Amino acid sequence: MRGWVLDCYPDMDADRMVLWFKTPRGPVRVVDDMTPHIYVHATKERLQKLTNDLAMIGVKDAEPQKRKVSLGEKEKDVLAVPVREYASLQSLAMTIDSWGRYREHALFNVDLRMDQRYFLGKGLFAMGLTEIDGLKSMDAWRRIDYPVPELKGLDLGVAVNGSGIPTMDDGLASISANGVVLDGSEERMLEDLMSLVRDEDPDIIYTDRGDSFVLPYLQHRASLHDMSLELGREQGERTSRGKSYFTYGRIVYKPPAHKLRGRVHIDRQASFTYAEAGLPGLIEMSRLSHIPLQDISRLSPGSAISAMQVNEAVRSGHLVRWKKNLPEDFKTAGALIACDRGGFIYEPKVGIHDDVWEVDFFSLYPSIMVRYNISPETLNCRCCPTSSRIVPELGYRVCEKSTGLVPHVLEPILNRRRVYKSMKNDPRKGANYQQRAKALKWVLVTCFGYTGYRNARFGRIECHESITAYGRDILIRSAAIAESRDFEVLHGIVDSLWLHGSGNVRRLCDEISAEFGIQLNIEGRYRWIVFLPNVSTGVGALNRYYGLFEDGELKLRGIAVRRKDTPMIVEELQQDMLRCLSKAHDAERFVETIPEALQVVDRYAAELRNGTVAADRLMVRRRITRRLEEYAQFNDSVAALRQLHDKGFELQPGQSIEYVILDSGSERSWERVRAAPFLSGDDRYDGEKYVEMVHRGASELLSPFGWSFERMRQRDGSQRR
DNA sequence: ACGGCACGGGG
DNA sequence: GTGTACGTGCCGT
């Protein structure tokens, strides 16, 4: 019988691996043996001594082997240490580590995922079609057009008694499952839910905030009735610990994961990839990374690319060095910035332009890594001391003899993305392929960041520098080519150029693509585009613009509508103004339309002053980056945070807070703002403060046309008189 | 005036 | 398990 690998995880008590398959005839559970190994590299003499020492603590049959311990180097002597008790792997590694003084020996394959070990050992992979008897793969993870099982989903939600922030103490009002509402007593609802799940037997349970609330809440309610809530195909959950951590330059909070056994729980709020690329995107990433669906749904695209690199390294005979003490070892600013000037940015020509083309390189940074063979082991490699491939500006030599790990992993991903994008209009598979392309896009985007991340397994700062150096070189030279073909370069950022002129853009793109071996594509032609000035200096404005494409679509960057902390009322204002301005088909008409856009501003101001705007349109949402007592300034967020604190709620750094501004100038938190849970429905908001925000939003769009914030205020004042 | 604080970008 | 650094603008002190 054949089935797709739906899940794979270790049974920590039996020291065996558990596999769940999705077959056309239902789910199948299989248990398989696996002995994970950790490896030690040292001198032959030390390894011999280590073998004896290990035998003394009961670890027998450690075996000398030859393996590659770093990229691009020959095999070395290592000791393969079998770990029979899964739970002891970490402590055994720490014991061995403690036996060696500094750099006397190095440990490998310690922090590899158990599922990854299993798959790599067996030649299987997550979501791969497998012959279950004998556990043989009938599939290849590199396949682009692969068979996908039909997975049955169940949408689970709860409604809770009481108003305000739902807590574990609130009673259960109702449960909804695929739109069916269960009610009655709590016990009854929970019983009904379990029997419904048993009868329907879904492969996937979808929730919104299932990790952070729904599942722990339902379990808690069940425990109050001496019941145990089981939603998996087998008893028990695989629950992890929650954590605040630093990523993307900010703190986020990741609640404990509630993973089911034999059934996949996808928390839509906890899955970046699901939100961006849906189930097809998750399946694509699961297959390529070999990480089971349920796990990959909670991981970042960066972790996925990291896993793909590990897979490739292991498949090519490498061991993976143990990354110890990761969290404490974060990079300190300094050395990096000195030599890294980042991506190239032109100073845009402020104001409105028409007759504008935007051209973008296809996945520029990943394409550079592939085209110029950028990888940690290829820069200044020992095998090519006289390489003629030299990184611009920096002068690093690049290996000419063999393809690096990073390009080797990236090339098929770039290729897949290109194929999926090219087939997005296929009537049968197009939608599916588009989702897969989206997932891969994010994998490619994060890959660049990983090369410069000191804690990345295959990161090296020189890679990061080299990529941006090539990027700047390519963009500057592309701009020069464009100018030589009679285009005016209005703006350029990293991988995009905005060109004014009536030359042959298609031919220009072909010429530049051929020059660098990286595809330059036409993003579109703008009817008009506005580059915004820097508020304080009036010049520059690097990442803030808005424009109208020929097909009627708006492209917006860096302005209030794009920000998550913009209240809906200001977002609506900008959208309405933009809708109004979109009626203009060129720059001249645009300027003529401005008076009409100003009337939109007046409408919003008047509505706000009426006092009739509903609270949800006034809500400000902001991320909390520290604990209440750690804030040095008293601002709106802190006021709202204090309210929650007063009522016994604490937010973790990384969580968001929502509030309406009641009296912006007040120093008392309860008068200044009202946190969302405590809104009564008839709260009086700070109309003038919101009008000010509306004027700010309006002047953000119109400042290049003489409508500064101050002038916007003056106009408002004179009209009210 | 200056520092605290939060957000975006990538497609 | 977890990309960084920077540009930007508002707001508090």
Side-chain angles (χ1 to χ4, degrees), chain A residues 111 113 240-254 257 276-277 291 295 298-303 305-307 323 326-334 336-338 340-343 345 360-366 417 421 434 437-456 459 461 464 468 493-496 521 523 532-537 540-544 555-566 620-626 630-638 654 656-657 664-665 667 689 692-693 696 700 709:
Chain A
D111 47 357
R113 299 175 58 94
S240 65
R241 273 207 304 260
K243 196 175 181 182
S244 289
Y245 62 92
F246 191 75
T247 174
Y248 274 75
R250 61 174 62 103
I251 301 231
V252 295
Y253 175 69
K254 187 168 183 174
E276 284 291 318
I291 294 176
D295 297 273
R298 290 169 176 78
L299 296 179
S300 70
S303 304
I305 186 81
S306 188
K323 283 269 177 191
L326 275 181
E328 299 93 71
D329 205 26
F330 272 109
K331 174 162 42 193
T332 51
L336 166 68
I337 307 147
D340 176 24
R341 301 203 290 117
I345 302 182
D360 300 343
F361 282 102
F362 177 83
S363 282
L364 179 66
Y365 285 169
R417 176 160 179 248
K421 277 188 86 166
Q434 203 169 0
K438 268 191 186 167
L440 296 182
K441 175 199 74 189
W442 284 106
V443 167
L444 292 168
V445 164
T446 37
C447 180
F448 162 68
Y450 258 61
T451 63
Y453 177 42
R454 203 178 55 178
N455 289 327
I461 192 60
H464 199 271
T468 53
I493 315 174
V494 185
D495 59 353
S496 310
N521 298 314
E523 169 78 358
L532 295 171
N534 181 306
V535 159
S536 47
T537 64
L542 302 176
N543 277 336
R544 303 170 62 235
K555 181 156 179 172
L556 315 169
R557 285 302 116 102
I559 60 177
V561 273
R562 298 278 297 189
R563 292 175 65 99
K564 284 200 301 250
D565 60 347
T566 300
V620 179
R621 170 192 279 255
R622 233 154 223 266
R623 199 183 291 274
I624 297 302
T625 58
R626 54 205 80 189
E630 291 168 328
Y631 278 93
Q633 290 188 163
F634 180 71
N635 59 28
D636 293 343
S637 293
V638 171
S656 294
I657 196 161
S664 172
E667 281 160 31
K689 180 68 193 172
E692 197 185 302
M693 290 162 81
R696 224 180 274 287
E700 182 175 50
F709 177 64

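Everything numeric here is computed off the predicted structure, so don't read it as measured data. Below, read A as the first sequence line, B as the second, and so on, with proteins coming before strands; counting in each chain starts at 1. In what follows, every heavy atom counts, from backbone to side chain, and hydrogens, waters and symmetry copies are set aside.
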Grab the [atom1]-[atom2] distance between [X] and [N] for me, whole Å please.
| X | N | atom1 | atom2 | value |
| --- | --- | --- | --- | --- |
| A:E700 | B:dG8 | CD | P | 12 Å |
| A:D565 | B:dA6 | CG | C1' | 7 Å |
| A:Y365 | C:dG3 | OH | P | 18 Å |
| A:K421 | B:dG11 | NZ | P | 8 Å |
| A:H464 | C:dG3 | NE2 | P | 13 Å |
| A:E630 | B:dA6 | CD | P | 11 Å |
| A:R622 | C:dG9 | CZ | P | 15 Å |
| A:I493 | C:dC6 | CD1 | C1' | 13 Å |

Assign the ring pair A:F448 / A:Y365 to parallel, tilted or perpendicular, where the plane angle (0 to 90°) is split at 30° and 60°.
-> tilted

Considering just the side-chain nitrogens and oxygens of [X], establish if one lies under 4.0 Å of OP1 or OP2 belonging to [N].
| X | N | answer |
| --- | --- | --- |
| A:K564 | B:dG8 | yes |
| A:R113 | C:dG1 | yes |
| A:R544 | C:dG9 | yes |
| A:T446 | C:dG3 | no |
| A:R626 | B:dA6 | yes |
| A:S300 | C:dG3 | yes |
| A:R621 | B:dC7 | no |

Side chain to side chain donor-acceptor pair (under 3.5 Å) filter on A:N521, not counting sequence neighbours, yields none

Residue list, side chain to side chain donor-acceptor pair (under 3.5 Å) with A:Q633, at least two apart or on another chain = none

Identify all pairs in which a protein N or O lies below 3.5 Å from an N or O of nucleotides 11-13 of chain C, and state each distance.
from   : atom 1 : to     : atom 2 : distance (Å)
C:dC11 : OP1    : A:K689 : NZ     : 3.1
C:dC11 : OP2    : A:R696 : NH2    : 3.3
C:dG12 : OP1    : A:R672 : NH2    : 2.2
C:dG12 : O4'    : A:Q633 : NE2    : 3.4
C:dT13 : OP1    : A:F634 : N      : 3.3

Please list, chain by chain and in numerical order, all residues satisfying salt bridge (charged side-chain N to carboxylate O under 4.0 Å, His left out) with A:E523, sequence neighbours excluded.
-> A:K555

Ignoring hydrogens and angles, does a donor from either the side chain of A:R562 or the base of B:dG11 sit under 3.5 Å from an acceptor on the other?
-> yes

Check whether any side-chain heavy atom of A:F362 sits under 4.5 Å from a side-chain heavy atom of A:L444, and report yes or no.
-> no

Of the candidate nucleotides [options], which contains the atom at the shortest distance from the side chain of [X]?
| X | options | answer |
| --- | --- | --- |
| A:R623 | B:dC7, C:dG3, C:dT8 | B:dC7 |
| A:W442 | C:dG3, B:dA6, B:dG11 | B:dG11 |
| A:N534 | B:dA6, C:dT8, B:dG10 | C:dT8 |
| A:R557 | B:dG8, C:dG3, B:dG10 | B:dG10 |

Separation between CG of A:D495 and CG of A:D360, rounded to the nearest 0.5 Å | 5.5 Å

Could you please spell out the steps behind the side chain to side chain donor-acceptor pair (under 3.5 Å) verdict for A:S363 and A:R417?
-> CA-CA 10 Å; A:S363 282; A:R417 176 160 179 248; 2.7 Å; yes

Involving DNA chain B, stems made of at least three consecutive Watson-Crick or G-U pairs, both distances under 3.5 Å | B:1-8 with C:6-13

Between A:E692 and A:R696, is there a salt bridge with N-O shorter than 4.0 Å?
-> yes

Are the charged groups of A:D295 and A:R113 less than 4.0 angstrom apart, N to O?
-> yes

In chain order, what residues pass the side chain to side chain contact (heavy atoms under 4.5 Å, CB included) check against A:Q434, with sequence neighbours excluded?
-> A:K424

